[in-house]
Amino acid sequence: MIPPIPLPTDRPVRVRIAPSPTGDPHVGTAYVALFNKAFAASNGGRFVLRIEDTDQTRSTRASEEAIYKSLGWLGLTWHEGPDVGGDYGPYRQSERTEIYREHADKLLAAGRAYRCFATAEELAEMRKSAKSEGRSTSYDRRYRDLPSAEVERRLAAGEPHVIRFKAPLDGVTAFNDALRGEVSIDNSQMDDQVLMKSDGFPTYHLANVVDDHLMEITHVIRAEEWIPSTPKHVRLYEAFGWQPPVFIHLPLLRNADKSKISKRKNPVSLEFYEAVGILPEALVNFLGRMGWSMPDEREKFSYDDMVAEFSFQRMALGGPVFDLEKLDWLNGLYIRELGDDALVERLQSWLLSSGYLARVAPLLRERISRLEDFVPQASFILGRAEATPLELLIPKKKERVEAYRAMKIVVEAVDACRDWRNESIEALLRAQVEATEWKLRDLFMMVRVAVTGQKATPGLFGTMELLGKARCQARLRQALLTLRP
RNA sequence: GGGGCGUUCGUCUAGUGGUUAGGACGCUGGCCUUUCACGCCGGUAGCACGGGUUCGAUCCCCGUACGCCCUACCA
């Protein structure tokens with residue numbers, strides 16, 4: 001039985017989501033956003049969006065924009081964030097590096113953190129030998145007690161280093177998860193977490209704790225995967241002399257096989273759901289049924305209904321499988337409820353707008369002799385795609401494994417593409433020809449068949465552009481699944 | 001390997017120390033209908049296992065199994 005969630009008596013409830021802008025906007029982000037926002041709304045609190053772009057190698061502005069767009073599409077809007085401002089900014093972590101630096105220095109000065117000069121190779125070597133000897137592969141604290149003169153010398157020499165937290169060596173660290181009760185780990189399990197990376201950016205652990213405190217976050221509502229690192233966060237709060245927030249860990253969305261939801265096994269991009277015509281209110285409703293239920297157990301309810309009845313005591317803790325079939329059923333319910341005008345409006349704002357048709361029509365002009373031919377000709381671009389059969393997918397004189405390998409390369413390249421235009425798609429695919437060691441025509445034919453389900457189509461790249469990245473990804477991934485040896 | 005979290009129909013879930021364990025998706029039979037879909041009525045299938053505690057456990061406790069997550073200078 002889940003106890004009531006403690007609320008602050010002297011200050012407003014403040015919650016946040018903190019997505020990192022890498023890759024496509026994720027359905028898990030929307031899930032966590034929904035429960036944060038609903039909790040805030042039911043308590044008169046505020047919902048903050050903070051962008052965790054501390055991974056310089058993976059974060060992109062395009063991905064950040066995509067998060068705004070998709071969450072906005074779902075109506076999961078925020079009171080404070082990089083785009084709308086607020087009293088606790090900046091809300092983009094890459095603009096807060098000075099703050100983290102100062103706080104890391106404080107820990108350094110207080111003897112709660114230390115500089116570690118281990119190189120990546122050194123660490124890899126350490127883990128390798130630890131593994132071969134059957135020891136724990138966590139960091140062995142080799143720089144924890146480096147004499148200060150030596151630290152100074154290396155610093156003066158400009159040696160790159162990270163700052164690590166001095167985790168307690170013995171004892172136990174416990175915290176209270178509002179849904180699960182006390183969670184504790186033995187401190188022998190806690191390693192000296194990196195706080196500041198050698199590039200001067202903080203890790204999640206430092207940035208998160210510092211920002212949540214500075215932004216006066218009262219309840220940290222995040223996914224279950226964070227439970228194991230929460231004790232470290234608790235020790236960080238303690239080291240700073242801060243009061244930790246209430247921790248609420250939500251169950252993880254799952255694939256059909258119960259593993260954590262992933263793009264390999266499920267469409268996870270919010271852009272996919274929008275592109276295939278899932279209604280935002282249906283998706284929000286569906287996410288609200290993941291681990292949560294209305295008191296009367298009704299299946300269909302709006303965000304406002306949810307807020308009116310919201311309580312974490314109605315939360316189930318098992319990891320819910322994200323079932324597309326049930327989403328489709330629910331979405332159908334919403335569609336059937338639409339009036340004629342509203343339905344037409346939805347269809348138009350989906351793909352049946354004159355603007356979109358204006359882009360499709362030129363592609364199909366040569367292929368139609370009557371106007372009525374347009375509709376069947378456009379079906380592979382407007383309609384739902386069936387999985388392309390295996391025989392069609394494998395080019396002549398190619399083996400299944402070869403096709404699988406090549407498709408994998410294509411899928412990964414497409415995932416990474418951030419500029420979805422005819423020319424850039426072409427450049428992107430051309431760039432894969434070498435990697436696959438295939439003839440250009442074979443590779444492009446396989447992609448064409450995977451994406452359209454047919455061998456004869458309008459220009460491949462223009463078609464892909466119009467189809468949109470999300471749907472192309474889904475179809476390519478479907479093909480990859482079919483090809484899997 | 002180590003640590004943590006979890007476990008009610010295939011899936012999403014409700015639920016209580018005594019219930020024929022309820023609803024939804026799916027699948028399925030029927031009705032409606034010129035057909036299909038929608039809608040309506042019905043069927044299908046579940047408390048992981050073993051010990052306790054108890055007059056009685058799906059529910060409380062302990063163990064086991066299984067699943068998942070973490071174990072990065074990613075979040």
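Only this structure's heavy atoms are used, side chains among them; waters, hydrogens and symmetry mates stay out. So you know, we letter chains A, B, ... as the sequences are listed, proteins then strands, and number each from 1.
Nucleotide B:C74 holds its P atom 6 Å from the CG atom of A:D55, rounded to whole Å. Note: NZ (A:K131) to C1' (B:G1) measures 9 Å, nearest angstrom. Here the C1' atom of nucleotide B:C70 and the OH atom of A:Y204 are 13 Å apart, to the nearest Å. Rounded to whole Å, the distance from CG on A:L317 to P on B:U13 is 10 Å. Atom CD of A:E325 and atom P of B:C25 are 12 Å apart (whole Å). Rounded to a whole Å, the CE atom of A:M126 is 12 Å from the C1' atom of B:U71. Remark: P of B:C69 and CD1 of A:I261 are 12 Å apart, rounded to the nearest angstrom.
Using Watson-Crick or G-U wobble geometry with both donor-acceptor distances under 3.5 Å, B:G42 finds its partner in B:U28. A 3.5 Å limit on both hydrogen-bonding distances identifies no Watson-Crick or G-U partner for B:A37. Across every strand in view, B:G67 sits in a pair with B:C5 that passes the Watson-Crick or G-U test at under 3.5 angstrom. Checking B:G18 for Watson-Crick or G-U wobble geometry (two distances, each under 3.5 Å) identifies B:C55 as its partner. Look at B:C73: it lacks any Watson-Crick or wobble partner with both distances under 3.5 angstrom.
Heavy-atom nearest nucleotides on RNA chain B were determined for A:D323 and for A:R180, and the one closer to the 5' end corresponds to A:R180. Position along RNA chain B of the nearest nucleotide to A:W329 versus A:G319 favours A:G319 as the more 5'-ward residue.
Of the candidate nucleotides B:C12, B:G39, B:C68, B:C68 has the atom nearest to the side chain of A:R254. Of the candidate nucleotides B:G15, B:C12, B:C69, B:C12 has the atom lying nearest to any side-chain atom of A:V321. Residue A:R289 has its side chain nearest to B:G23 when only B:C74, B:G3, B:G23 are considered. When distances are taken from the side chain of A:S259 to each of B:C73, B:A72, B:C68, the shortest belongs to B:C68. Side-chain proximity of A:S198 to the nucleotides B:A75, B:C73, B:A14 is greatest for B:C73. Here the nucleotide nearest the side chain of A:K326, chosen from B:G4, B:G23, B:A75, is B:G23. Checking B:G3, B:C69, B:C5 against the side-chain heavy atoms of A:Q189 singles out B:G3 as nearest. Of all nucleotides listed (B:C73, B:C5, B:U13), B:U13 comes nearest to the side chain of A:P320.
Not less than 6.0 angstrom separates the ring centroid of A:F39 from the ring centroid of A:F35.
Within the 4.0 angstrom heavy-atom criterion, no nucleotide atom of any strand lies near A:S229. Note on A:S188: nothing from the nucleic acid sits closer than 4.0 angstrom, heavy atoms only. Heavy atoms of A:S20 sit under 4.0 angstrom from primed sugar atoms or phosphate atoms, though from no base atom. Residue-level contact check: A:E224 touches the backbone only, with heavy atoms under 4.0 Å from sugar-phosphate atoms and none from bases. Residue A:R164 is classed as a sugar-phosphate contact, given heavy-atom separations below 4.0 Å to backbone atoms only. Nucleic acid contact class of A:M196 (heavy atoms, under 4.0 Å, all strands): none. Backbone-only engagement by A:T54 is indicated by non-hydrogen atom pairs under 4.0 Å involving sugar-phosphate atoms exclusively. Residue A:V162 is classed as a base contact, given a heavy-atom separation below 4.0 Å to a base. Within the nucleic acid shown, A:R58 comes within 4.0 Å of at least one base atom, counting heavy atoms only. Residue contacts for A:E52: at a heavy-atom cut-off of 4.0 Å it reaches the sugar-phosphate backbone alone, with no base atom in range. Here A:A223 lies out of heavy-atom contact (under 4.0 Å) with every strand.
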* Could you walk me through whether A:D199 and A:Q56 pass the side-chain hydrogen bond (donor to acceptor under 3.5 Å, both in side chains) check? -> CA-CA 9 Å; A:D199 65 2; A:Q56 285 296 282; over 6 Å; no
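Comparing B:U33 with B:G39, their C1' atoms are spaced 11 Å from each other, to the whole Å. The separation of B:C62 from B:G6, taken at their P atoms, amounts to 13 Å, rounded to a whole angstrom. Distance check on atom P: B:U19 versus B:A57 gives 11 Å, rounded to whole Å. B:U7 and B:G50 have their C1' atoms separated by 16 Å, with the value rounded to a whole Å. For the P atoms, the distance from B:G52 to B:G29 is 47 Å, rounded to whole Å.
Each of A:S20, A:P19, A:P21, A:P82 was compared with A:D53 under the side-chain contact (heavy atoms from CB on, under 4.5 Å) criterion, and only A:P21 meets it. The residue from A:D211, A:D105, A:T203 that alone fulfils the side chain to side chain donor-acceptor pair (under 3.5 Å) condition with A:Y100 is A:D211.
Side-chain N/O atoms of A:S138 include none lying less than 4.0 angstrom from OP1 or OP2 on B:U71. In this structure, A:K258 reaches the B:U11 phosphate: one of its side-chain N or O atoms is under 4.0 Å from OP1 or OP2. A close approach under 4.0 Å does occur between a side-chain nitrogen or oxygen of A:K197 and OP1 or OP2 of B:C74. The shortest distance between the side-chain N/O atoms of A:R127 and the OP1/OP2 oxygens of B:A72 is below 4.0 Å.
Cation-pi geometry between A:K300 and A:Y334 is met: under 6.0 angstrom from the ring centre, within 45 degrees of the axis. Both tests do not hold together for A:R50 against A:Y91: distance to the six-membered ring centre under 6.0 Å, angle to the ring axis within 45°.
Here the closest non-hydrogen pair linking A:P168 and A:T173 is CG-OG1, 4.4 Å.
The number of heavy atoms from other shown groups lying within 6.0 Å of CD (A:E386) does not exceed 12.
Judged by distance alone with a 3.5 Å cut-off, no donor-acceptor contact links the side chain of A:K260 to the base of B:C69.
Between A:F240 and A:W242, the angle of the ring planes stays under 30°, which puts this pair in the parallel group of the 30/60° scheme.
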